[in-house]
**Q** 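First the structure, which I've put down as structure tokens, then a few questions once you've had a look.
In this text the structure is predicted, and so the values were computed from the model without any measurement.
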Amino acid sequence: AQTVTQSQPEMSVQEAETVTLSCTYDTSESDYYLFWYKQPPSRQMILVIRQEAYKQQNATENRFSVNFQKAAKSFSLKISDSQLGDAAMYFCAYRSPLYGGSQGNLIFGKGTKLSVKP
Amino acid sequence: GAVVSQHPSRVICKSGTSVKIECRSLDFQATTMFWYRQFPKKSLMLMATSNEGSKATYEQGVEKDKFLINHASLTLSTLTVTSAHPEDSSFYICSAREDRYNEQFFGPGTRLTVL
């Protein structure tokens, strides 16, 4: 079974600085998808960024980028120029490919609470 | 982006009563929907996978007779918590997997409090 581990329960960053959130996963599959979700106090899950395992290029979305190391099974999220609105819980998630019998459910890590200091 | 709604957003009920939570995909079809449960300051735990027109698949440890799931159309799945007890109090989140591109979208969640 696949597992996702986030080893940082809490992180803090100064406004305008850069922070990196860690995520490792365990799987025997070669094809899969990885995600970072943001959950603000409203508790609405918001997709931040996604990465397909077959792509070597790291995904980027504006101030958010990932460092995907497939061999190391590592998927960290870098937030540049941190803003007060970035304060939230961040969850790393894994999804198996649909052709393998999976129905596409997400496996979540325990989350990292990010605080942004003004 | 695609929108998923949940109703109600918050419900308080007495112990022993049943509560129904609706999850709707507003602008796309979703053959498959998922129900998650989230305890305070914890991660999301998958409860069950709901497929239109067939029985839901429950995760190990989730009582299917307590958490009834019905997915009667391509845009609606319901979760009914039967004979609710205080330990069922939690935040319930649904998500819908869009049929065309397999993207998954989350509802805003339902906070259930059982007195």
**Q** Looking at chain B, which one of K113(A), K110(A), Q103(A), M45(A) has the largest number of heavy-atom pairs inside 4.5 Å, strictly under?
**A**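 Top count of heavy-atom pairs under 4.5 Å with chain B: Q103(A).
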**Q** Output the option from N51(B), T57(B), I93(B), L44(B) having the highest count of non-hydrogen pairs under 4.5 Å with chain A.
**A**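 Among N51(B), T57(B), I93(B), L44(B), the one with the most close pairs to chain A is L44(B).
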**Q** Count the heavy-atom pairs under 4.5 Å between each of S95(B), S43(B), G109(B) and chain A, then report the option with the highest count.
**A**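 Winner by heavy-atom pair count: S43(B).
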**Q** Heavy-atom cut-off 4.5 Å, strictly under: side chain, backbone, both or neither for I46(A) against chain B?
**A**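 Nothing of I46(A), per the 4.5 Å heavy-atom cut-off to chain B.
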**Q** Has Q57(A) got more than 12 heavy atoms of other residues, nucleotides or ligands less than 6.0 Å from its CD?
**A**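 No, CD of Q57(A) has 12 or fewer neighbouring heavy atoms, counting only those of other groups under 6.0 Å.
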**Q** Can you tell me how far apart CZ (F106(B)) and CG (L47(A)) are? Round to the nearest 0.5 Å.
**A** 9.0 Å
**Q** Using heavy-atom distances under 4.5 Å, tell me whether Y37(A) contacts chain B through its side chain, its backbone, both, or neither.
**A** side chain
**Q** Hydrophobic clusters here meaning ILVMFWY residues chained together by side-chain heavy-atom distances under 4.5 Å, can you tell me if F67(B) and F34(B) are in one?
**A**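 In one cluster with F67(B): F34(B), no.
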**Q** State whether the number of non-hydrogen atoms from other residues, nucleotides or ligands found under 6.0 Å of H7(B) atom NE2 is greater than 12.
**A**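 Result for NE2/H7(B): open.
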**Q** Given a strict heavy-atom distance threshold of 4.5 Å, which part of F91(A) is in contact with chain B: side chain, backbone, both, or neither?
**A**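 For F91(A), side-chain heavy atoms alone lie under 4.5 Å from chain B.
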**Q** Compute whether any side-chain donor of one residue and acceptor of the other, for Q38(B) and R43(A), lie under 3.5 angstrom apart.
**A**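 Side-chain D/A pair, Q38(B) to R43(A): present.
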**Q** Answer yes or no: does atom NZ of K70(A) have more than 12 heavy-atom neighbours from other residues, nucleotides or ligands under 6.0 Å?
**A** yes
**Q** Determine, using the 4.5 Å side-chain heavy-atom cutoff (strictly less than), whether I107(A) and F105(B) are members of one ILVMFWY cluster.
**A**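 In one cluster: no.
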**Q** Under 4.5 Å from any heavy atom of chain B, what part of M89(A) do you find: side chain, backbone, both or neither?
**A**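 Nothing of M89(A), per the 4.5 Å heavy-atom cut-off to chain B.
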**Q** Q6(A) versus chain B, heavy atoms under 4.5 Å apart: side chain, backbone, both or neither?
**A**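 When you check distances to chain B, no heavy atom of Q6(A) falls under 4.5 Å.
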**Q** How long is the span from the CG atom in N105(A) to the CE atom in M33(B), to the nearest 0.5 Å?
**A** 15.5 Å
**Q** I'd like to verify something: which residue of E103(B), M45(B), K41(B) has the highest number of heavy-atom pairs under 4.5 Å with chain A?
**A**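 When all of E103(B), M45(B), K41(B) are compared, E103(B) has the most.
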**Q** More than 12 heavy atoms of other residues, nucleotides or ligands under 6.0 Å from NZ of K64(B): yes or no?
**A** no
**Q** Indicate, with yes or no, if V66(A) and Y33(A) share a hydrophobic cluster defined by side-chain heavy-atom contacts under 4.5 Å among Ile, Leu, Val, Met, Phe, Trp and Tyr.
**A** no
**Q** Does one hydrophobic cluster hold both L21(A) and V48(A), with members joined at side-chain heavy-atom distances below 4.5 Å?
**A** yes
